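Here's the structure, in structure tokens; my notes come after.
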Amino acid sequence: MQNLLPDWAPNAHPMLVHFPIAIIILAVFLDFVYLIWRKEWLRNSVMTLFAFAVLAGLVTYLSGKQAVDSVMVPMNAELTASYHADWALYTLLYFSCYTAIRFFLFWKKIDGKRFIAILLFLAGLAGCALLAKTADLGGKLVYKYGVGTQKVK
Amino acid sequence: MKQIVNLKQMKTSKSNLSAITIIVFVLFLIGTISSCGTKSSTEETAEQTHEAEEAEGHEHDSEEAEHHDHDEASANEGSGSIMWMPSGQPFSGQLKLVEGDAQKLNAETSTDSDGTKVLSLSLSGDRVLLLFYETFEDLGSNLQFKTDGFQGQVAIVHHYIDASNYDYLSLTNTSMQLGRKENGKDKIFDKKENKLPGDWATLTVSSAGEHYKGSLNGKLVNHGHGKTKPGGRVGILLEGNGKVMLKMMEVMKLTE
């Protein structure tokens with residue numbers, strides 16, 4: 001795996017981390033569009049995107065677990081690293097449960113009902129808040145404490 | 001006629017729901033932008049002041065290191081960090097001998113080749129516990145030590161409540177491990193093969209939330225997980241036979 005990475009990359013985590021963020025935001029946005037514009041292809045797309053988001057989230061979480069022991073974490077960044085790992089796990093668990101419930105409703109073809117669709121959208125939006133907290137802590141690790149970066153020579 | 005009225009009511013409720021979702025979405029966007037956006041000037045000023053204080057703290061620490069004849073340990077209340085270096089009188093500073101016989105230990109202070117003072121302790125199967133008075137919750141700690149023909153364990157203890165309840169990072173001639181003593185029972189968070197180094201070495205432990213890490217000479221050896229605990233005291237635990245030399249110990253309060 002390490003051989004596939006460019007020399008400047010400390011590990012796979014910084015490359016993978018943007019995928020779940022982008023996919024989840026897109027899924028929630030399309031879910032919102034679906035509330036207004038009731039098209040079947042939108043409903044299918046949202047379900048597919050959430051499934052991919054969980055997969056991408058799992059891979060990213062595992063890469064993060066591997067990354068934290070391979071990079072130098074300054075002592076004053078340890079607590080931020082700890083919170084980042086915890087919030088990442090909460091986010092992953094949340095979207096895993098959310099996607100499972102969503103898939104069940106999709107399979108039973110009741111996810112399109114107005115009230116359920118709004119609830120699903122709001123739950124997705126709440127998940128975005130967890131995602132934002134995780135991403136904020138991750139950004140802090142890199143841009144405040146310089147974790148995973150190298151000094152300019 | 002009734003059907004037309006019902007249809008109109010349904011349409012009205014649908015448009016109300018759409019309006020609510022739009023409002024929620026817009027509020028969420030505003031919330032996200034304001035929380036993740038540019039920091040307020042107050043926050044920036046506070047952070048700059050904190051950084052300046054930290055820099056002053058470090059300067060203060062190095063000054064203390066140079067003039068530690070007067071006091072064995074320096075405590076920086078503002079940043080929540082403590083640094084200990086030996087002085088002329090063993091166990092007279094903030095790092096107190098809690099377990100062990102001071103006379104049997106044959107404690108003496110000498111000066112190392114680099115000019116720093118060293119506290120030497122000779123153990124003969126004893127258990128020695130040195131603790132700071134202050135308590136810490138999330139913490140990082142460094143211990144600079146050296147052993148000479150020592151057989152036993154050198155450990156940093158933290159979240160120390162009593163002899164049966166504390167967390168530790170210990171290094172022996174066979175392994176390095178992170179663990180917890182809970183009501184006298186030992187629970188190992190992580191254990192790796194390792195040995196006591198022959199020269200001066202730095203043992204580092206961090207306890208951040210549920211994550212515990214142990215490093216030797218800056219190299220991460222252990223990473224374990226355990227439930228968070230309320231704050232406790234921090235110190236050094238020595239157990240075994242032989243000579244142990246201590247040069248420096250520092251404890252830092254970790255903040256986000």
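To find a chain, count down the sequence lines: A is the first, B the second, and so on, and within it residues start at 1. Predicted, not measured: the structure shown is a model, and the values here were computed from it.
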Closest heavy-atom pair, Tyr83(A) versus Asp138(B), reported as atoms and distance to 0.1 Å, is OH-OD2, 4.3 Å
Tell me, yes or no, whether the heavy-atom count around Lys192(B) atom NZ, taken from other residues, nucleotides or ligands under 6.0 Å, exceeds 12. yes
Tabulate below the donor-acceptor pairs under 3.5 Å that side-chain atoms of residues 42-59 of chain A make, not counting sequence neighbours, or state none.
residue	atom	partner	partner atom	Å
Arg43(A)	NE	Asp111(A)	OD1	2.9
Arg43(A)	NE	Asp111(A)	OD2	3.1
Arg43(A)	NH1	Glu40(A)	OE2	2.5
Arg43(A)	NH2	Phe106(A)	O	3.0
Arg43(A)	NH2	Asp111(A)	OD1	3.1
Ser45(A)	OG	Trp41(A)	O	2.6
Thr48(A)	OG1	Asn44(A)	O	2.7

I need the full list of salt bridge (Lys or Arg N to Asp or Glu O under 4.0 Å) pairs touching residues 83-95 of chain A, with sequence neighbours left out, sorted by first then second residue. none
With a sphere of 6.0 Å drawn around CZ of Phe19(A), does it hold more than 12 non-hydrogen atoms of other residues, nucleotides or ligands? no
How long is the gap from CE on Met75(A) to CD on Glu250(B), to the nearest 0.5 Å? 7.5 Å
Considering all heavy atoms of both residues, which atom of Lys144(A) and which atom of Glu256(B) are nearest to each other, and what is their separation? NZ-O, 4.4 Å
Qualifying side-chain hydrogen bond (donor to acceptor under 3.5 Å, both in side chains) pairs with a residue from residues 13-36 of chain A, counting only residues at least two apart or across chains: His13(A)-Ser63(A), Asp31(A)-Arg102(A)
What parts of residues 207-222 of chain B touch chain A if we use heavy atoms and a cut-off under 4.5 Å? Ala208(B), Gly209(B), Glu210(B), His211(B), Lys213(B), Leu220(B)
More than 12 heavy atoms of other groups within 6.0 Å of Lys191(B) NZ: no
Heavy-atom pair count under 4.5 Å with chain B, highest-scoring of Ala77(A), Ser82(A), Ala81(A): Ser82(A)
Count the heavy-atom pairs under 4.5 Å between each of Leu79(A), Thr80(A), Val68(A), Val73(A) and chain B, then report the option with the highest count. Leu79(A)
